[in-house]
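Notes follow the structure.
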Amino acid sequence: MLIFLLILTYLSLPNQAELYKPNSNDIKFYLFCYLKKACQEVCPKIEHNFNRSNRRLIIVDSPKYDVMAVNGLYRPRSALARALYEKQRNDRLLEEFDQTEWYRVDKSKLGEELQKKFVQLHPDEETKEFLSASIDKSSWVWTQIWYLLAKAVLKHFWSITDINGWLGRGSMFVVSGAQAQKLFDAARVRPGGALVDVGAGDGEVSRRFAHLYTSKLATEISCSMRKALSTKGYTVLDAEEWWRGQFECVCMLNLLDRCSEPRGMLRRARSALSPQGVLLLALVLPYKPYVEATADHKPTERLPITGTTFEEQLSSFVTFMRDIGFELAAWSRAPYLCEGDFAQAYYWLDDSVYVFKPIEAAT
């Protein structure tokens, strides 16, 4: 049985690209290219040369480097040993990464209103606890092998979301309870009443601040995720009819770039908000929609977000939200963290987090 597992693991492990002779100046750019999923979609790791400010990053993938010296050590031949070595190296780079970069914004590129409503966040204890738990879980070698094997089989029948829900893996993190409270305070919002998390996944993201509200509800189209929500105390609503209720807080956390009709979702949120309610929204920037449920993975409608930098796209999105009836009350930048796997301890994307009010309720 052990031999069988090792063979399947060998076949399922990706061929990791090689990074050789890095120096301390390369680390940040290496992390951005190698770890960030959005970059991985357009940045192949084969013969990739990256030059910036006289810093050079070279990644190669070639049989002639099957055994090679890396910082005085030799790259293992075995697929399993090589994967463990790569993970150890990636985790070391994560340890050296400056986590305050996740929350940094260039205010000089923002208008006066956005500057005033910006809330500076930092990696707090709850954030660090999530990262620590992710590091521990990614080190469970046989559990990670089981995840690889199960995913290799189940992906022919289920969506990735359903697989993660069934396996109980892939939990996300955006803001802690204390960070959410800080945003609410800046927006002059007193939490209370009913909260609904639309497209809640396994509920781990909103669970961290849902206790600020009297009751917590959620919607989710994945069957396995709905079961996970029920076990965590959420009342699961119909995904098509939820907006007919009234809520003091509607959460749409990294939903707009993953649903087919984001404008429709925002219209429903507008209808579902009580007069003093708020929309707590998170959106990954740069905006790159991906819809799991459609054949071509493209939405039927796109948000009119323009610009190339984080700050430009954020300004464009806030203007669009004002046009459809939402006033910005507070916002921040935070990492959209995800539990890791056999390759590294955790992943992240750049999230913009907002508290919006209906325009007639804005003060």
Side-chain angles (χ1 to χ4, degrees), residues 28 31-32 36 38 52-53 97-124 126-127 173-191 205 208-209 212 249-257 262-263 266 269-270 273 276-288 302-337 348-363:
K28 184 182 297 185
L31 282 167
F32 183 85
K36 193 168 181 181
R52 183 171 177 178
S53 302
F97 180 71
D98 181 7
Q99 295 176 356
T100 59
E101 290 283 345
W102 289 334
Y103 305 89
R104 192 163 295 160
V105 171
D106 187 348
K107 292 184 180 180
S108 66
K109 297 180 180 179
L110 300 172
E112 183 178 352
E113 180 186 6
L114 287 175
Q115 290 186 34
K116 289 192 299 185
K117 294 181 178 179
F118 174 69
V119 179
Q120 182 65 65
L121 300 179
H122 304 277
D124 60 7
E126 195 171 356
T127 307
F173 184 101
V174 178
V175 292
S176 67
Q179 290 170 338
Q181 184 67 67
K182 191 172 182 179
L183 285 166
F184 288 140
D185 289 344
R188 299 180 182 179
V189 172
R190 181 176 297 178
V205 173
R208 301 180 184 281
F209 53 82
L212 300 174
C249 182
V250 174
C251 297
M252 290 186 172
L253 303 170
N254 301 296
L255 172 69
L256 295 184
D257 58 348
R263 290 172 182 260
L266 289 170
R270 184 71 178 75
L273 279 175
Q276 300 302 317
V278 296
L279 171 63
L280 180 62
L281 190 149
L283 178 66
V284 171
L285 297 179
Y287 174 60
K288 293 183 179 180
R302 288 178 61 96
L303 298 175
I305 297 176
T306 59
T308 55
T309 68
F310 181 91
E311 290 79 9
E312 289 172 346
Q313 292 205 358
L314 180 138
S315 300
S316 173
F317 178 65
V318 171
T319 299
F320 160 72
M321 291 295 287
R322 186 184 299 113
D323 292 342
I324 64 171
F326 288 100
E327 184 73 20
L328 179 67
W331 72 277
S332 189
R333 180 176 181 170
Y336 183 21
L337 298 167
W348 75 85
L349 294 170
D350 292 325
D351 237 354
S352 52
V353 186
Y354 314 84
V355 178
F356 287 106
K357 296 180 180 180
I359 287 219
E360 61 266 27
T363 57

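Residue numbers start at 1 and run along the sequence shown. Here the structure is a predicted model, which means the values were calculated and not measured.
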Handout entry: Trp331/Phe118 aromatic ring centres below 6.0 Å
Key = yes
Exercise for the section: Can you label the angle between the Phe317 ring and the Phe320 ring as parallel, tilted or perpendicular, going by 30° and 60°? Expected result: tilted
Could you pull out all residues at least two apart from [X] that satisfy side chain to side chain contact (heavy atoms under 4.5 Å, CB included)?
| X | answer |
| --- | --- |
| Asp106 | Ser108, Lys109, Glu311 |
| Ser316 | Ile305, Thr306 |
| Arg302 | Tyr287, Pro289, Pro299 |
| Ser176 | Asp124, Glu126, Phe173, Ala178, Gln179 |

Within the side chain of [X], is there an N or O that forms a donor-acceptor pair under 3.5 Å with the backbone of [Y]?
| X | Y | value |
| --- | --- | --- |
| Gln120 | Tyr103 | yes |
| Glu101 | Asp98 | no |
| Gln181 | Gly177 | no |

Problem - Summary of salt bridge (charged side-chain N to carboxylate O under 4.0 Å, His left out) pairs that have at least one residue in residues 111-122, sequence neighbours excluded - result: Glu113-Lys117, Glu113-Arg322, Lys117-Glu327
Handout entry: Residues forming a ring-ring contact (aromatic ring centres under 6.0 Å, His included) with Phe209, sequence neighbours excluded
Key = none
Practice task
Using a 4.5 Å cut-off on heavy atoms from C-beta on, say whether the side chain of Val250 contacts that of Leu280.
Solution key: no
Handout entry: Asp257, Asp351, Leu314 screened by side-chain contact (heavy atoms from CB on, under 4.5 Å) with Leu285, the one that passes
Key = Leu314
Handout entry: Rounded distance (nearest 0.5 Å) linking atom CH2 of Trp348 with atom CG of Leu337
Key = 9.0 Å
